[in-house]
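Excluded from the calculations below are hydrogen atoms, water molecules and symmetry mates; all remaining heavy atoms, backbone and side chain alike, are included. First the proteins, then the strands, lettered A, B, ... as listed; each starts at 1.
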Amino acid sequence: MLEIDNLSHVYGAGTPNEHRAIEGLNLSVAEGELLCIVGPSGCGKSTLLRSIAGLISPTGGQVKVEGKLVRQTPDNLAVVFQDYSRSLFPWMSVADNVALPLRRRGMDKKARREAAMEALESVGLSAAERKYPFQLSGGMQQRVAIARALAYRPTLMLMDEPFGSVDAQTREDLEDLVLKVRGHHQMTIVLITHDIDESVYVGDRVVVLSKAPAHVVGDLKVDLPGPRDQITTREHPDFVHLRAEVGRLVRGHAAVV
Amino acid sequence: MLEIDNLSHVYGAGTPNEHRAIEGLNLSVAEGELLCIVGPSGCGKSTLLRSIAGLISPTGGQVKVEGKLVRQTPDNLAVVFQDYSRSLFPWMSVADNVALPLRRRGMDKKARREAAMEALESVGLSAAERKYPFQLSGGMQQRVAIARALAYRPTLMLMDEPFGSVDAQTREDLEDLVLKVRGHHQMTIVLITHDIDESVYVGDRVVVLSKAPAHVVGDLKVDLPGPRDQITTREHPDFVHLRAEVGRLVRGHAAVV
Amino acid sequence: MKATAEVTAKATAPPRIARRSRAAARRRGVRTVAFRWLVLAVLVLLWEVATRAAGSAFFPTPGTIVTRMQAMWFSGPPQRLFLSDVAVQNILPSLGRMAAGFAGGALAGVVLGLAVGLSARVYDYLDGVLQFLRAVPPPALVTVFLVVFGFGLRMQLAFIMFSIVWPVLLNTADGARAVEPLHLQTCQVFRLSRAERLWRVVLPSALPKMFAGLRLALSLSLIVMVFSELLPGTTNGIGFQLTEAYSMFDLPAMWAAIVLLGVLGYLLNELFLVVERRVLGWHRAAQEPVG
Amino acid sequence: MSVTATALAPGRPTGATARWSRRAAGALAFAALIELVSRTGLADREFLPPATEIAARMGALALDPAFRAHALTSLLAWAVGLGIAAVAAVPLGLLLGSVPVVDAATRSVVEFLRPIPSVALIPLVALVIGTGLQLRISLVVYASLWPILYNTMYGLRGVDPLAKESLRSYGFGPLSVLLRVSLPSSAPFITTGVRLAAGIALILTVSTEIVAGRGEGMGVFIYFAGIAVPARMTDILAGVCWVGLFGVAVNALLVAFERRAFRWHHARLGEQT
Amino acid sequence: ACSSGGGTTASAPPAAASGGLEKTKIKVATLPAIDSAALYVAIDQGLFEKEGLEVTPQVVQAAPEAIPMMLNGEIDAMFGNYVSMFQAQDKGTLKLRILAEGSRAAPDSLSIMVLPTSPIKTAKDLEGKTINVNVLHNFQELALTQVLKANNVDPASIKYVQVTFQNIMPSWKGGQIDAAYLGEPMVTAATSTMGARKILDPASGPAAEFPISGYVSTQEWYDKNPRVAAAFQRAIHNAAKLMENNREVVSKVLPTFTQIDAATAATVTFPYFSSSDNPVRLQRVADWMLEARWLTKAIEVKTLMSPTTSG
Ligand SMILES: Nc1ncnc2c1ncn2[C@@H]1O[C@H](COP(=O)(O)OP(=O)(O)OP(=O)(O)O)[C@@H](O)[C@H]1O
Ligand SMILES: Nc1ncnc2c1ncn2[C@@H]1O[C@H](COP(=O)(O)OP(=O)(O)OP(=O)(O)O)[C@@H](O)[C@H]1O
Ligand SMILES: [Mg+2]
Ligand SMILES: [Mg+2]
């Protein structure tokens with residue numbers, strides 16, 4: 001599905017502010033996989049995401065989605081941006097924000113509205129459909145951004161700390177929602193998170209990135225039994241072990257896998 | 001230090017979008033206390049914070065800071081906004097952003113710069129001083145916002161999910177930083193967080209708010225021994241107990257304290 | 001905290017997003033209007049006193065001017081809204097020219113502005129020429145306009161459009177260029193078509209700046225309308241009456257035209273603001289301090 | 001920087017040479033159009049001479065000290081007028097844009113004055129303040145005030161409220177917030193207003209000279225070329241082209257200034273500089 | 001530099017003959033047209049100097065523009081056409097004093113012309129046609145009305161459009177005006193370069209020697225400076241006398257304040273320059289204006305004129 005080959009990105013090359021964000025990063029994600037990426041703040045996770053989405057052209061290496069080199073944004077892709085509040089359109093109501101991308105899906109107005117409402121419902125925001133983004137709390141805005149991506153039914157979904165601004169309970173609900181949607185609609189998901197527990201809980205695989213310039217320092221397969229559950233899964237010894245493992249990797253110790 | 005008396009806030013009163021965000025909320029915070037507030041997404045935490053900061057005038061009840069009714073922003077106050085990226089000034093370098101509020105402190109240019117550098121250093125961003133906010137990652141921007149508030153040395157600091165965008169390691173460091181600074185400079189801190197562990201770890205007290213309209217449903221004193229430590233404190237049985245307690249409260253079950 | 005309270009009401013109750021609390025709004029509206037008229041009344045009074053004291057033929061009193069306006073334009077039959085023949089023959093054609101010129105110029109400005117603001121290529125090709133044309137004084141080009149467009153309406157409209165297009169163009173380009181990058185990235189990610197991006201994202205975010213340009217262009221179109229009525233071959237219009245009045249030293253008539261222009265400008269601007277408030281409701285609301 | 005996302009049509013970054021050659025191509029195409037229209041007789045050559053003739057005349061005029069004196073006089077009026085307008089309009093815009101009461105109170109008067117054409121004012125202003133340079137300057141100020149004023153007012157509306165609140169929360173008063181947040185944040189749009197005003201001021205300077213000028217000035221030069229028999233169209237258009245080129249130069253300077261001063265703005269938008 | 005061509009006379013000590021002038025330096029607004037020539041000749045020939053006056057001409061583009069200047073004291077006197085001046089007097093804009101007569105229309109100095117291809121052959125053909133004027137409701141219309149009447153053409157049928165000087169040729173060639181109302185030097189130019197035909201001389205018949213412009217000041221200024229006024233009038237009249245039989249003195253000054261080059265200056269038809277004042281012929285202008293309802297009340301021109309001190 002997704003092949004990243006020796007990717008490098010340098011910001012402001014040749015300026016005094018030159019910054020090597022990514023260097024020699026290799027990664028591949030299988031169809032239908034849910035990959036979690038963790039790594040220190042400022043290491044280059046969002047940069048990696050932008051490269052996959054074709055929003056920046058990396059200064060070295062290449063990204064392939066479904067075997068095709070990414071030059072422009074690949075088809076059927078959705079992104080939940082880290083800066084969610086800025087990615088919503090302030091002149092549209094919440095429902096319109098969610099419905100907008102569906103125009104590309106050739107849906108008529110009614111179908112768009114229904115899909116949008118359904119997505120909003122799934123993130124617990126059906127009451128907010130007529131509101132404008134600025135009338136929502138931070139966490140609600142973030143959920144609108146998630147709803148927008150979900151409603152779009154992408155085959156590849158990129159999520160940049162999508163649950164950072166919601167409370168613990170909602171977060172769990174959203175994690176389960178993502179797992180459910182992924183199961184139903186054959187989606188490949190790349191999810192960036194800072195929450196190590198979360199990465200292990202939702203991920204099929206967890207990739208740990210190094211400090212800048214980012215490259216892969218750990219790549220752990222998460223082999224947890226059957227449908228995941230917030231209580232039982234998190235109590236599972238493998239979970240506890242993997243969590244500790246990821247934690248060690250993030251803190252810069254060698255992996256012990 | 002801070003007295004909140006029967007506070008209510010209604011957005012868009014008299015419109016179809018009328019929303020009662022806070023209702024009959026009472027709360028008081030002692031001098032030097034570190035109060036954590038947790039509550040469901042969209043319940044009214046940020047609204048409460050804005051009322052304390054005098055940025056909105058509540059539609060009912062009152063807020064007193066150091067015995068004085070809040071009509072305008074109280075003196076010696078700093079806020080770390082939830083939407084940190086928009087609260088930074090894009091036309092200023094990181095160092096200038098941090099140094100700007102220090103003008104209120106009557107510091108000369110050099111002193112301002114030094115204080116700014118020191119604060120940036122403490123959040124691990126000394127290398128970024130000359131960069132502009134848009135050149136930073138989300139987590140780095142958030143740390144700049146924290147540095148700006150810290151450098152100001154307020155007597156009352158309001159933080160709205162200040163560590164939401166940083167990785168686990170940095171988050172712990174920042175938690176400890178806040179604890180340290182609080183100890184050194186006699187600060188009263190109100191900290192909103194979604195991380196229940198964090199609320200118990202850093203807080204002297206944890207207040208749990210209900211769903212909208214927000215009021216206090218739980219108010220737990222955190223009585224953990226001595227200087228807190230990321231490892232030992234979190235292993236302490238009281239910690240585990242309190243954490244579960246807060247979790248229950250957030251999930252809407254009755255408190256058992 | 002009165003100021004904040006007002007702001008609060010305004011912020012949370014933009015038109016179209018939510019209707020504001022009626023009674024309070026009405027009260028405030030009445031107060032603002034009353035205040036505005038009070039200021040106006042005081043100024044007119046001062047004007048009357050000053051012109052009386054000066055007693056110059058060049059500066060007739062407001063009373064004289066209004067009398068003249070009434071006699072010249074508003075002494076017609078009631079079924080024609082009191083418009084006299086002179087008014088029908090001059091004011092209406094002028095307004096028509098202005099409206100057509102404004103519409104054409106605004107449209108051209110928006111289209112060109114978007115093109116220049118969005119495409120670096122178009123910008124490179126056109127920028128030099130546009131900046132050149134923008135600085136060219138139209139009165140010096142009357143002969144060229146005459147040769148290209150001929151006498152009369154066509155030339156006048158070309159003249160008006162040529163003059164008012166610039167504020168719209170520059171501000172639209174500025175707005176189109178300053179669209180929040182993340183909005184554009186969102187468009188790109190969801191593969192919105194060019195038209196959708198333009199119509200649903202670029203245009204709405206450029207609108208606030210476009211409106212600044214349009215508001216400038218509106219009053220400018222009145223000004224240029226007057227200029228255009230000085231062009232060879234004009235036989236009617238407010239501008240025509242204005243110059244004719246001055247060439248015959250009929251200063252009250254000239255002042256009448258000036259005041260009429262002022263009043264028209266004021267009314268058109270109020271109308272414009274009503275439209276702006278509708279279209280930019282979201283903007284106003286979103287930009288007001290939260291509260 | 002290689003951000004491709006920001007342009008509507010993601011184009012590959014282009015080098016300075018490419019950009020300049022495009023500019024030159026645009027200008028040449030325009031000149032060629034005029035040349036063609038004139039030489040083919042689409043427009044009477046007597047009244048629209050070919051571009052090459054105009055260009056040749058422009059060259060000759062540049063060497064003519066009398067013409068240079070005209071140009072200098074106009075520039076003086078232009079610069080002084082624009083300077084006064086900018087210095088007056090920005091604070092005024094800040095005031096009207098940030099204190100709604102003042103805006104409401106003055107709106108009727110401002111909107112009444114705005115559509116009054118300066119031609120109508122010439123005799124009146126002339127009577128009061130005389131007909132020298134001061135007449136031109138005051139008319140230039142009057143006309144070029146508005147774009148700066150309105151762009152300032154509208155620019156203030158676009159300031160992120162959270163940025164303002166940030167400063168407010170540190171106890172800064174409304175004035176500080178205005179000067180330290182609102183002003184820098186809207187500065188790029190205000191500069192666009194100044195660019196607009198620069199053009200309007202130029203037009204007004206020359207037009208006023210054409211209508212009422214005496215003594216020296218580009219407009220006077222153009223006027224006298226016009227009353228000759230037959231009218232010296234080449235002179236008129238050469239003069240006009242010098243004015244236009246000056247406009248291009250001023251605009252380029254302002255844009256360069258803008259790119260420098262507001263690098264944060266352009267860089268954030270991912271523009272190539 | 002084009003505009004102040006005439007220059008000023010060298011500052012001169014007041015001549016014995018004209019001692020007691022209220023002031024010796026005056027500024028006079030003139031037009032860049034042949035009609036203002038007398039003033040420039042008077043400067044050029046030292047006639048003002050002889051009167052002890054130092055006159056600075058200020059070229060303006062149209063007479064109405066000079067009135068504010070005169071009212072606010074920027075200039076002392078101006079050269080303006082009577083129609084405008086009488087209108088200003090009538091409307092109370094100006095309390096007028098005529099210092100000296102200036103120019104009168106000479107045969108062929110004004111002309112109604114058509115292009116060689118035009119179907120218009122006679123004055124009668126002008127009926128219902130569009131004709132340009134420099135300014136609406138001014139002396140051009142006034143004179144032509146009289147001449148048309150004398151030629152049995154209905155003056156009311158003519159459509160006048162205001163066309164600035166520079167745009168007469170393009171409008172004419174472009175067919176937007178049917179016949180062109182030209183003054184010098186355009187008459188000469190149109191005849192020689194375009195083969196234009198003359199249909200009518202607006203300065204013939206009843207309008208022969210029609211007074212066009214004169215030198216005026218405000219009554220107030222005149223009351224304060226009677227001797228200056230007299231000296232000024234003498235110099236203008238003397239200049240006119242000098243010019244009567246001597247084209248060269250005129251041709252010599254023309255290029256300095258008009259856009260007429262020396263070659264053209266040698267061939268154009270000059271108007272008549274008045275070497276004396278004549279209230280009777282001026283009264284005609286006022287009467288015609290009243291008839292056309294351009295005045296609200298009759299003007300008795302004699303009361304506006306200054307006593308002749310020359311000759
Ligand atoms: N436009 C830019 N110009 C220059 N440097 C940039 C730019 N954007 C990002 N960077 C730098 O690249 C590095 C990686 O940024 P990125 O946003 O990818 O980090 P991240 O891993 O997403 O961090 P976080 O977890 O804090 O969001 C950072 O050090 C940042 O300073
Ligand atoms: N400007 C506004 N106009 C109308 N409603 C608003 C406005 N701002 C906030 N609200 C509403 O008030 C409620 C509380 O918002 P607030 O931002 O205080 O929530 P919060 O507790 O901070 O949530 P989160 O944890 O998601 O940030 C939300 O339901 C939101 O929709
Ligand atoms: Mg990131
Ligand atoms: Mg919040």
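Residue Glu270(C) qualifies as enclosed at atom CD: its count of foreign heavy atoms under 6.0 Å is above 12. Atom CZ of Arg182(A) sits in a crowded spot, with more than 12 heavy atoms from other residues, nucleotides or ligands closer than 6.0 Å.
For the residue pair Phe190(C) and Ala78(A), the shortest heavy atom distance occurs at CE2-CB, 3.6 Å. Minimum heavy-atom separation, Leu182(C) to Asp83(A): CD2-O, 3.3 Å. Counting all heavy atoms, side chain and backbone alike, Val189(C) lies closest to Phe81(A) at CG2-CZ, 4.0 Å.
Counting only distance, with no hydrogens or angles, the side chain of Tyr132(A) and the backbone of Trp282(C) share no donor-acceptor pair below 3.5 Å.
Using a 4.5 Å cut-off between heavy atoms, Pro133(A) does not touch chain C at all. Neither the backbone nor the side chain of Asp96(A) comes within contact range of chain C; no heavy atom of the residue lies under 4.5 Å from a heavy atom of that chain. With a 4.5 angstrom heavy-atom cutoff, Leu88(A) touches chain C only via backbone atoms.
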(request) Take Arg191(C) and Gln72(A) through the test side-chain hydrogen bond (donor to acceptor under 3.5 Å, both in side chains) and record every step on the way to the result. (result) CA-CA 10 Å; Arg191(C) 303 288 304 252; Gln72(A) 293 194 334; 5.2 Å; no
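Taking the side chain as every heavy atom from C-beta outward, Gln185(C) and Ser87(A) never approach each other to under 4.5 Å. Within the 4.5 Å cutoff, the side chain of Val201(C) has heavy atoms near those of the Trp91(A) side chain.
Taking the six-membered ring where tryptophan is involved, the planes of His183(C) and Phe89(A) are tilted, since the angle between them lies from 30° to 60°.
With rounding to the nearest 0.5 angstrom, the CZ atom of Arg104(A) is 7.0 Å from the CG atom of Leu192(C). Atom CG of residue Asn97(A) and atom CZ of residue Arg200(C) lie 12.0 Å apart, to the nearest 0.5 angstrom. Taking CZ of Arg86(A) as the reference point, atom OG1 of Thr186(C) lies at 12.0 Å (rounded to 0.5 Å).
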